[in-house]
Amino acid sequence: MTGVSGMDDPGSWGNLLEIALDAAAAAARHIVEDRPRGPLEVTATKSSVTDIVTVMDQQAERLVVERIRAGRPEDGFLGEEGAAVEGTSGVTWVIDPIDGTVNYLYEIPSYAVSVAARVGDQVVAGAVVNAVSGETWSATRGRGAWLDGRPIRVNAAPELAMALVATGFGYGVARRARQARILGTVLPRVRDVRRAGAASLDLCALACGRLDAFYEQGLQPWDLAAGGLVAEEAGATVGGLQGRPAGEAMVLAAPPGLFDEMAALLAELAADEMVEG
Ligand code: IPD
């Protein structure tokens with residue numbers, strides 16, 4: 001059945017993906033090409049002094065919102081840097097203008113623009129652009145996931161001891177301390193661990209076989225929306241622990257044959273118990 005907006009018709013999601021790709025690519029060019037020369041100004045901090053916002057995060061979010069709004073004035077927006085518009089079309093754009101802001105600050109070439117379209121509670125299209133390499137991951141719900149236009153799949157599930165696992169840390173001290181303790185138990189059980197610094201890129205790396213699993217507590221909708229859909233459409237299971245959905249308490253993404261074992265290990269460690277951060 002088609003809802004009032006018609007946007008719950010999967011036939012319309014390809015168009016939303018085109019819009020996401022266009023906006024993400026434009027913002028990615030902006031943050032690289034128009035980065036101020038010299039030290040980058042940190043304009044604000046959020047949850048802790050290391051949780052930074054730069055002038056470029058703010059500009060990139062504005063650029064994405066304005067570009068999409070020009071063609072779709074009735075849509076809603078939810079952005080990491082404050083975009084919060086209800087909208088009346090049934091579509092909400094979920095935006096991380098620079099995922100990996102600390103990498104951006106240090107010029108580590110691993111940061112991305114993430115743009116996703118949500119209809120109701122469901123992310124239906126998403127694009128993640130590595131701003132430096134230009135690598136572009138995309139997905140539409142039910143249609144698959146792509147890297148630079150080529151279809152991608154997660155790896156066949158390895159056994160836990162052979163799994164390359166990525167994770168990330170929150171910015172608050174208490175959460176980080178607990179995440180470090182949990183990692184101390186996870187690390188000896190797996191092949192190795194990576195912490196690349198941009199959750200959307202971790203999820204996309206998993207989607208194209210550069211990782212076997214990813215988990216993190218504390219992710220916000222903009223960290224998860226596009227990358228989570230890419231991972232899911234590439235064949236990953238994306239969820240929380242003990243049958244709960246992925247969310248702030250825990251995002252775990254892995255091929256189905258590894259997900260349960262990883263989830264059991266993390267559940268044993270109560271890795272989804274919320275800690276401020
Ligand atoms: C952060 C990155 C990082 C993750 C943090 C996120 P931001 O996003 O995705 O990898 O560990 O939890 O907050 O702040 O760079 O947009």
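Owing to the predicted nature of the structure, the values given are computational and were not obtained by experimental measurement. Atoms within a ligand are numbered from 1 in the order they appear, just like the ligands themselves.
- Contact annotation: Gly218 has no heavy atom less than 4.0 Å from any atom of ligand 1.
- For the residue pair Asp99/Ser200, the side-chain donor-acceptor check at 3.5 Å is satisfied.
- Neither the backbone nor the side chain of Asp202 has a heavy atom within less than 4.0 Å of ligand 1.
- In the displayed structure, Asp121 atom CG is contacted under 6.0 Å by at most 12 heavy atoms of other residues, nucleotides or ligands.
- The main-chain N or O of Val55 is never found under 3.5 Å from a side-chain atom of Glu41 such that the two would form a donor-acceptor pair.
- A cation-pi contact, defined as under 6.0 Å to the ring centre and within 45° of the axis, is absent between Arg178 and Phe169.
- Without hydrogens or angle criteria, Arg175 side chain to Gly170 main chain gives no donor-acceptor distance under 3.5 Å.
- Each of the following atoms of ligand 1 lies closer than 4.0 Å to a heavy atom of Phe169: 5 (C), 11 (O), 12 (O).
- Proximity of Ala198 to ligand 1, defined as any heavy-atom pair under 4.0 Å, is confined to the backbone N, CA, C and O atoms.
- For ligand 1, the atoms closer than 4.0 angstrom to any heavy atom of Tyr171 are 1 (C), 7 (P), 13 (O), 14 (O), 15 (O).
- Under the 3.5 Å distance criterion, with hydrogens and angles disregarded, no donor-acceptor pair is assigned to the side chains of Asp51 and Thr45.
- Residue Arg191 qualifies as open at atom CZ: its count of foreign heavy atoms under 6.0 Å is 12 or below.
- If you number the atoms of ligand 1 from 1 as listed, the ones under 4.0 Å from a heavy atom of Leu219 come out as 12 (O).
- Remark: ligand 1 atoms within the under-4.0 Å shell around heavy atoms of Gly197 are 2 (C), 3 (C), 10 (O).
- For atom 6 (C) of ligand 1, the nearest protein heavy atom (residue, atom name, distance) is Asp223 OD1, 4.0 Å.
- The atoms of ligand 1 that sit less than 4.0 Å from any heavy atom of Ala199 are 2 (C), 9 (O), 10 (O).
- Residue, atom and distance of the protein heavy atom nearest to atom 11 (O) of ligand 1 are Glu216 OE2, 2.7 Å.
- With a 6.0 Å radius and a threshold of 12 heavy atoms from other residues, nucleotides or ligands, Glu86 has its CD atom at or below the threshold.
- Assignment of Arg195 to the shell around ligand 1 is supported, since a heavy atom sits closer than 4.0 Å.
- For atom 8 (O) of ligand 1, the closest non-hydrogen atom on the protein side is Asp99 OD1, 3.0 Å.
- Side-chain N/O atoms of Gln220 and Glu248 include a donor and acceptor closer than 3.5 Å.
- The closest approach between Ile98 and ligand 1 falls below 4.0 Å for a heavy atom of the residue.
- The shortest heavy-atom distance from Gly100 to ligand 1 is under 4.0 Å.
- A salt bridge links Arg244 with Asp272: the distance from a Lys NZ or Arg NE/NH1/NH2 to an Asp or Glu carboxylate oxygen falls below 4.0 Å.
- For CZ of Arg189, the number of neighbouring non-hydrogen atoms (other residues, nucleotides, ligands) closer than 6.0 Å is 12 at most.
- Per-residue contacts place Gly168 under 4.0 angstrom from the following atoms of ligand 1 (heavy atoms of the residue considered): 11 (O).
- Looking from atom 16 (O) of ligand 1 to the surrounding protein, the closest heavy atom is Glu80 OE1, 2.9 Å.
- Atoms of ligand 1 lying under 4.0 Å from at least one heavy atom of Asp96, given by number and element, are 16 (O).
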